[in-house]
*Asks:* 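Right, I'll just put the structure down here and ask away after.
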Amino acid sequence: MIDIKFADGSVKKFERGISAEAVAAAISPSLKKRCVAAKVNGVLVDLVRPIESDADLELILDDRPEALEILRHSSAHLMAQAVKSLYPEAHFGVGPAIEEGYYYDIDFGDKVLTDSDLPEIEKAMAKLASGNQSVSRREVSKAEALKVFADDPYKTELINDLPEGEIITLYSQGDFTDLCRGPHLPSTKWIKHFKLTSLAGAYWRGDSKNKQLTRIYGTSFFSAEELQSYLKLVEERKKRDHRKLGKELDLFMLSEYGPGFPFWLPKGMILRRELEAFWYKVHLKEGYQLIQTPIMLNKELWVISGHWMNYRENMYTSVIDDQEFAIKPMNCPGGMLVYKRDIHSYKDFPLKVGELGLVHRHEASGALNGLFRVRNFTQDDAHIFMTEDMIVHEIAELVRLYDYMYSVFGLSYHIELSTRPLEKFIGEIATWDRAEKALADALKSMGKEYKVNPGDGAFYGPKLDFKLRDSMNRIWQCGTIQLDMNLPERFDLTYVDANGEKKRPVMLHRALFGSIERFIGILIEHYAGAFPTWLAPVQIKLIAVNPDLHKAYADRVMKTLLDRELRVETDYREEKLGYKIREAQTQKIPYQIILGDREAQEEMVTFRRYGKEESFTVSLNDFVEMIQKEIANK
RNA sequence: GCCGAAAUAGCUCAGCUGGUAGAGCAACUGACUUGUAAUCAGUAGGUCGCGGGUUCAAGUCCUGCUUUCGGCACCA
């Protein structure tokens, strides 16, 4: 007999070699029904794995995130089984569970799979799943595994890469066997609510030098309701797509004459200018100085900065008077020149210099995506020069600033600290260690949680990245704070210390929105195009009930609102009220004001908020006061 | 850049196996004179992304290019 200790601390005796499934069944049949897998001594295993000695046992029920991952992983296997039955020539790569589902990379040989082939695969999956095949696990030697997958070049490659002596496991269901670490569901009967979602090319082992396989994406849930609500979320994201809303709300456009170079339309321009005005205002208050450096600078500058060496393929260049020039992909080299114009004293520090700088980067054509990935964009950049002992305090100041700015938009975030790369890095390891510690200390001093990404820093220094979560539960990397141990050296930046000696300053690059263009794209989707009043391109729509009778009063109201710097549009068309309301609503204008006899007689306005049914009648002055207060509070 | 798909009126889309284009919305004109999410009627609007080819005939088939979309790779 062995002792099984449960998560609640209780201990029970069972026969040696009992499975978690049998343990669950012994407790209650209903528990067994909901069991997907088990954690034995903290290790996730199949439900049917025999437990050979005393162990801590945790049953993984179907409401656990781990359970969903197992379901999806098993769904990927089921899909592979279905594909194999339909396309016997197919060779399989890898098929993991991912954030919102699973995929499998498959080599179909000469056969080109299209979306229209997916339903057939789905059908085959459903048929196989309903067969209630049991899933079995088998441990084999490397030689044996190679024999099983002798005809499968990708699996063979994977097996060959496994360390000698490692226990290799195979999972089988019906006539299908896959190389897999597991764990898996005990039976395919669990897989009921799934869908194949899309098809794409994907490089074998994620390397663009390798052959491209066909990747089939799918998702899977334990209940029909969860699948439905996921599909609804996908629909909602599509509705909020900034490319679609940008077109519908006349914010920006793209032209095939300039792929990746967005055009800002009048309404988008207002949004953009409001955002920038806010940024300028806050940064001036924070003690930043503002500069603007040229778009295009001589190649020699980029040689000094190191960009010419490392990133030349992504830079646009041009020859002017026999001299090679490059359009800036980053603002820092220009900023360095500004710093060097003057002699600096330690008394000037921290010196905070901001720039909304338009940069150009030649992104791969396939990477372009609306405002999210463009070839020219405006970085809300700043460079902070200081002494090393100021780092902790300045980082803390920045985190406080970011915290405030993101909160204005209702965006939550988490921070990731990326540390020194293992190979490609410059400078002394001791300096890196100090810099990394300074970043971490700043966060700790503020009680901020953070995740460490070891080795993920830039070659010139460690960094903090701010990952925002939007209203659709997606993560966007926007803010960044990077310590740069490279440029001050390359540009020979100096300051004069208290002893009158020249010293090397420490420099920080930082961006808060990252790219103004991209951030606006995020805001469009985050707000679903219904911007808060301070950002809305049109804040108020004035609708005259009967243009003939009420236009004069409406014009007076408009003048008052314009005088108060509110953004107003009028609708004097000879249409039914409902028609005009509807249009204002679809344009997501925050306030609609209805003006008719009742309002004209007493200098009143009747307003209705976007998305709300009720309307309120107040004096024009009260309305102005209310909306101005709202705008001021953001 | 790579794999796959797509491009038709300002927008959203239809156009089957080839027979020189169609709807709804928007625009314009007129009627209606409107009180909270689409009043009615009419008019106009297109080198079917661009080039080449097959054919008596191409939006439709083939081909090159451009752009877009879904991914992959990339993202200092």
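All values derive from a computational prediction rather than experimental measurement. Heavy-atom basis, side chains included; hydrogens, waters and symmetry copies ignored. We name chains A, B, ... by the order of the sequence lines, and we start the count at 1 in each one.
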*Asks:* For B/rC62 and B/rU17, measure between their P atoms and round to the nearest Å.
*Replies:*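 Nearest-Å result for B/rC62 against B/rU17 at atom P: 11 Å.
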
*Asks:* Whole Å only: how far is the CG atom of A/Asn331 from the C1' atom of B/rA76?
*Replies:*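 Answer to the nearest Å: 13 Å.
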
*Asks:* Of the candidate nucleotides B/rA76, B/rU68, B/rC74, which contains the atom at the shortest distance from the side chain of A/Ala367?
*Replies:*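 The answer is B/rC74.
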
*Asks:* At under 4.0 Å between heavy atoms, what does A/Asn369 touch on the DNA or RNA strands: base, sugar-phosphate, or nothing?
*Replies:*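 The answer is sugar-phosphate, as A/Asn369 gets under 4.0 Å only of primed atoms, P, OP1 or OP2.
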
*Asks:* With heavy atoms under 4.0 Å as the rule, sort A/Gly461 into base, sugar-phosphate or nothing.
*Replies:*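 Touches nothing.
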
*Asks:* How is A/Leu368 classified with respect to the nucleic acid when contacts are heavy atoms under 4.0 Å: base, sugar-phosphate, or nothing?
*Replies:*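 Sugar-phosphate: the residue A/Leu368, judged by heavy atoms under 4.0 Å, touches backbone atoms but no base.
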
*Asks:* Any donor-acceptor pair under 3.5 Å linking the side chain of A/Glu525 with the backbone of A/Ile522?
*Replies:*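 Looks like no, no N/O pair under 3.5 Å.
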
*Asks:* Could you state the OH-P distance from A/Tyr311 to B/rC75, rounded to the nearest angstrom?
*Replies:*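 After rounding, the gap between these two atoms is 9 Å.
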
*Asks:* What is the separation between atom CD on A/Gln585 and atom C1' on B/rA37, rounded to the nearest whole Å?
*Replies:*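 That distance rounds to 7 Å.
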
*Asks:* What residues from residues 94-112 of chain A pass a heavy-atom cutoff of under 4.0 Å to RNA chain B?
*Replies:*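 Correct list: A/Val112.
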
*Asks:* Who does B/rG70 pair with, Watson-Crick or G-U, both distances under 3.5 Å?
*Replies:*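 Paired with B/rG70, as far as the under-3.5 Å criterion goes, is B/rC3.
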
*Asks:* Parallel, tilted or perpendicular, judged at 30° and 60°: which one describes the rings of A/Tyr591 and A/Phe607?
*Replies:*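 A/Tyr591 vs A/Phe607 ring planes: perpendicular.
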
*Asks:* Within residues 195-216 of chain A, find the residues that approach RNA chain B with a heavy atom at under 4.0 Å, and present them sorted by residue number.
*Replies:*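 Contacting residues: A/Ser198, A/Leu199, A/Ala200, A/Gly201, A/Ala202, A/Tyr203, A/Gly206, A/Ser208, A/Gln212, A/Arg215.
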
